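Worth saying up front: this structure is predicted, and the values here are computed from it rather than measured.
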Amino acid sequence: MAESGVPPVAHRLSRLQMRALARYIERFRIAVVRVLTTTSANPFSKTLMLAMTVLLICVGAAVVATVLRYVSPKSQVTVSAFQVVDSGDSTGATGKALADMFVDDLSKLMQDTNRTAGNAFSSHKRWKPVSSLPSIPVATSYGIEIKGISLDQILATWNRLRYKEYVVGGDLFPGKGGDSILVVRYSAAGVAKSYQTSIKELTPETLKQAMSDLSLKVLEGINPGAAARYLMDLGYNCSSDCDATWETATQFIYSWLKRSPNSELVLSDMGEILYNSKHQQDSLAYFGRAMALDPHDVNTLNTEANALGDLGRQDEADALYNKALKIHKDPDPMLNLGVGALDRGQYGRAEDLFRQTLSIDPDDEGAELNLGHTLIKDGKFADAAKAYGRALELQPGNEKAINGIAHSYPKAGRTDEALRVIDLFIRLNPDSYFAPAYKAEALMLAGRLDEAADELQASLKILNNSTAQLDITILHIYRGELAEAGTEMDGWIAQFPKDSWLYILKAGVLEQQGDNAGAETERQLADKLYPGARYDTSRWNE
């Protein structure tokens, strides 16, 4: 996501003008001090001078606040109590409780937005905090008052000048057919919007979900860029029904695009959302329009290059990555150049590029994961184990790091350590979809096949998923039961014909059976589905 720049001040003061202004301010300060400290000055002069000083300070503060409002846009959300019309429910909802619920939901949305780190291979340096997110002021009273003017009044005046204020309120009332209607509305200078949802059965849980949905709608209206980032993060981190998650994000950004068709930010986001929802070809047009508006946007260049790489146009992708690096030495284009080298089987170059990425961003777990994968492919298992261990340190819940540990530690003679790490991960992440099978995979790589078979049966009882089922096919390969493995592989390919990894596994079976020509045919099919698949399959490098 592109970061919006600070618009330049319309008229810049020259150095001479600045010096002259500073001299005038200093002369005024000296005059004020002289009048206030001179005993011969009459009281009227002192009072007049003091009044002029206070007036000047107030005018200066107002000018500064107004300039900041436009040069560095900020906003704040003030939430008033909701109106609750008695509907005979037992939720115990009150206007203040609903307002507090909205504040909690909106605060969480904004926190999640600024915690976004993209996918597992994105540098954190890309996802800087959104500085334009609205603040939610906390009601405080300083109790300081001078001649009838309180500090609270001064701060309120400053905030009104400094921030664009959004006033939020709403209603909860009975609808038709026993439903309840929740309405949330906000207003600001020249803007007024409302959103509503119907709640079929009013319970604390359904009310909270409805409020969460509407707080997202309000954030979309106040700051569409932040809402787009939040929705994309849901796609990056989804574990089920991901197509629907990406579709929701796509529809929102598309509606935003219709309102702001010439915004570089929304064009870049539209390209990125299409790329992430597997519409790489369609994304290129939006990236092109975004780059025409801002040719130096490294993030847009990087994601456009990703789309080209996925379309098999790796040379064009590398040219854009290098162009981005000339603009700014950023971790993501460097990492993606490494991925391109890896897809070509250039393991030494890929390793060097991933290490350069880590020199730019030492906490980039995506670079560590890619480095570990490259080192496995190059047979450097001890170094790969270090990279995956470091990735898990950086992000303890990262399943890709656990996958790497399962496939590098045993080859580095650290099987028992791998089993301990995986067991701890499963205990801390009981809902993990893949991890229960990783223990069996580590045992297979260590040659402990009977133990692997027991673990596979146990994982099938816990999570009867395709990963554990496919691992049974792989166990046949390790046991030399190639005929059974080949038959099962054909079944898997019939079930998942676009999974390049399955063709790579089938190639391995055919190669062990002495059918080198058939193995090469399978690898070519895999490369057609995913360029460089024969090099980039991340598991079972034998």
Q.
For a quick check under 3.5 Å, do N336 and D332 share a side-chain donor-acceptor pair by atom type?
A. no
Q: I would like to know whether I327 and L301 meet side-chain contact (heavy atoms from CB on, under 4.5 Å); could you show each step before the answer?
A: CA-CA 10 Å; I327 296 170; L301 277 170; 3.7 Å; yes
Q) What's the verdict on side-chain contact (heavy atoms from CB on, under 4.5 Å) for D363 and R390, showing C-alpha distance, side-chain angles and the deciding distance? A) CA-CA 9 Å; D363 294 333; R390 171 66 175 152; 3.1 Å; yes
**Q.** Contact summary for A350 and L342, nearest pair of heavy atoms
**A.** CB-N, 3.9 Å
Q: For N429 and F425, indicate whether the former's side chain and the latter's backbone hold a donor-acceptor pair under 3.5 Å.
A: yes
Q.
When you compare the side chains of Y388 and N398, does any donor N or O come within less than 3.5 Å of an acceptor on the partner?
A. no
Q: Decide if atom CG of D243 counts as having more than 12 heavy atoms of other residues, nucleotides or ligands within a radius under 6.0 Å.
A: no
Q. Are side-chain heavy atoms of K193 and Y186 found at a separation under 4.5 Å?
A. yes
Q. Below 4.5 Å, heavy atoms only, C-beta onward: do Y438 and I405 meet side chain to side chain?
A. no
Q) Nearest 0.5 Å, what's the CE-CG distance between M101 and L106? A) 14.0 Å
Q: Could you tell me the separation between the CD atom of E264 and the CG atom of D294, rounded to the nearest 0.5 Å?
A: 4.5 Å
Q | Note: E351-K380 ion pair, threshold 4.0 Å (strictly below) | A | yes
Q: Using modelled atom types only, decide if a donor and an acceptor are shared between the side chain of S255 and the backbone of F252 within a distance under 3.5 Å.
A: yes
Q: Starting at CZ of F496, measure out to CG of L470 and round the result to the nearest 0.5 Å.
A: 9.0 Å
Q.
Could you report the tightest heavy-atom contact between P497 and Y503, atom names first, then the distance?
A. O-OH, 2.8 Å
(Q) With side-chain contact (heavy atoms from CB on, under 4.5 Å) as the test, pick out the partner of L231 among T250, I273, L216, T113. (A) L216
Q | Short side-chain donor-acceptor distance under 3.5 Å, Q356 and D352 | A | yes
(Q) Is a donor from one side chain sitting under 3.5 angstrom from an acceptor on the other, for Y236 and N276? (A) yes
Q.
Please check: side-chain N/O of H328 versus main-chain N/O of A324, any donor-acceptor pairing under 3.5 Å?
A. no
Q) Heavy atoms, side chains only, cut-off 4.5 Å: are L308 and L320 in contact? A) yes
Q.
Are the side chains of D310 and Y275 in contact, using a 4.5 Å heavy-atom criterion?
A. yes
Q: First locate atom CG of L335, then atom OH of Y321, and finally report the distance between them rounded to the nearest 0.5 Å.
A: 9.0 Å
Q) Would you call R115 and D112 a salt bridge, taking side-chain N to carboxylate O under 4.0 Å as the test? A) yes
**Q.** Side chains of V77 and S135 in contact at under 4.5 Å (non-hydrogen atoms)
**A.** no
Q. How close do I376 and S408 get, heavy atom to heavy atom, and via which atoms?
A. CD1-CB, 3.9 Å
Q: Please tell me if the side chains of F102 and V184 come closer than 4.5 Å, counting only heavy atoms from C-beta onward.
A: yes
Q: Indicate the atoms forming the closest heavy-atom contact of P331 with D364, along with that distance.
A: CB-OD2, 4.1 Å
(Q) To check you understand the geometry: which heavy-atom pair defines the closest contact between P333 and V298, and what is its length? (A) CG-CG1, 4.1 Å
Q: Determine, for E511 against R523, whether the closest basic-nitrogen to carboxylate-oxygen distance falls under 4.0 angstrom.
A: yes
Q | Heavy-atom pair of closest approach, residues T357 and A367 | A | CG2-CB, 3.8 Å
Q | CZ (R427) with more than 12 external heavy atoms under 6.0 Å | A | no
Q) Distance only, no hydrogens: is a donor on one side chain within 3.5 Å (strictly under) of an acceptor on the other, for S277 and E247? A) no
(Q) What's the separation between atom CH2 in W256 and atom OG in S263, rounded to the nearest 0.5 Å? (A) 5.5 Å
Q.
Determine whether D471 and I474 satisfy the following criterion, side-chain contact (heavy atoms from CB on, under 4.5 Å), listing intermediate values before the conclusion.
A. CA-CA 5 Å; D471 280 345; I474 295 169; 3.7 Å; yes
Q) So do R313 and L284 actually touch side chain to side chain, heavy atoms under 4.5 Å? A) yes
Q: Check the side chains of N302 and D330 for a donor-acceptor pair under 3.5 angstrom, ignoring hydrogens and angles.
A: no
Q | Lys/Arg-Asp/Glu bridge criterion (N-O < 4.0 Å) met for R344, D315 | A | yes
Q. Are the side chain of N403 and the backbone N or O of E399 linked by a donor-acceptor pair below 3.5 Å?
A. no
Q: For residues I136 and Q76, determine if any side-chain heavy atom of one lies less than 4.5 Å from a side-chain heavy atom of the other.
A: no
Q: Carefully, step by step, assess I222 and L133 under the rule side-chain contact (heavy atoms from CB on, under 4.5 Å).
A: CA-CA 9 Å; I222 293 175; L133 279 174; over 6 Å; no
Q: Could you walk me through whether R355 and E368 pass salt bridge (charged side-chain N to carboxylate O under 4.0 Å, His left out), step by step?
A: CA-CA 8 Å; R355 292 194 185 281; E368 291 284 10; over 6 Å; no
(Q) For the CG atom of D318 and the NZ atom of K323, what is their distance to the nearest 0.5 Å? (A) 14.5 Å
(Q) Is there a side chain to side chain donor-acceptor pair (under 3.5 Å) between S283 and E272? Walk through the geometry before answering. (A) CA-CA 7 Å; S283 72; E272 183 161 351; over 6 Å; no
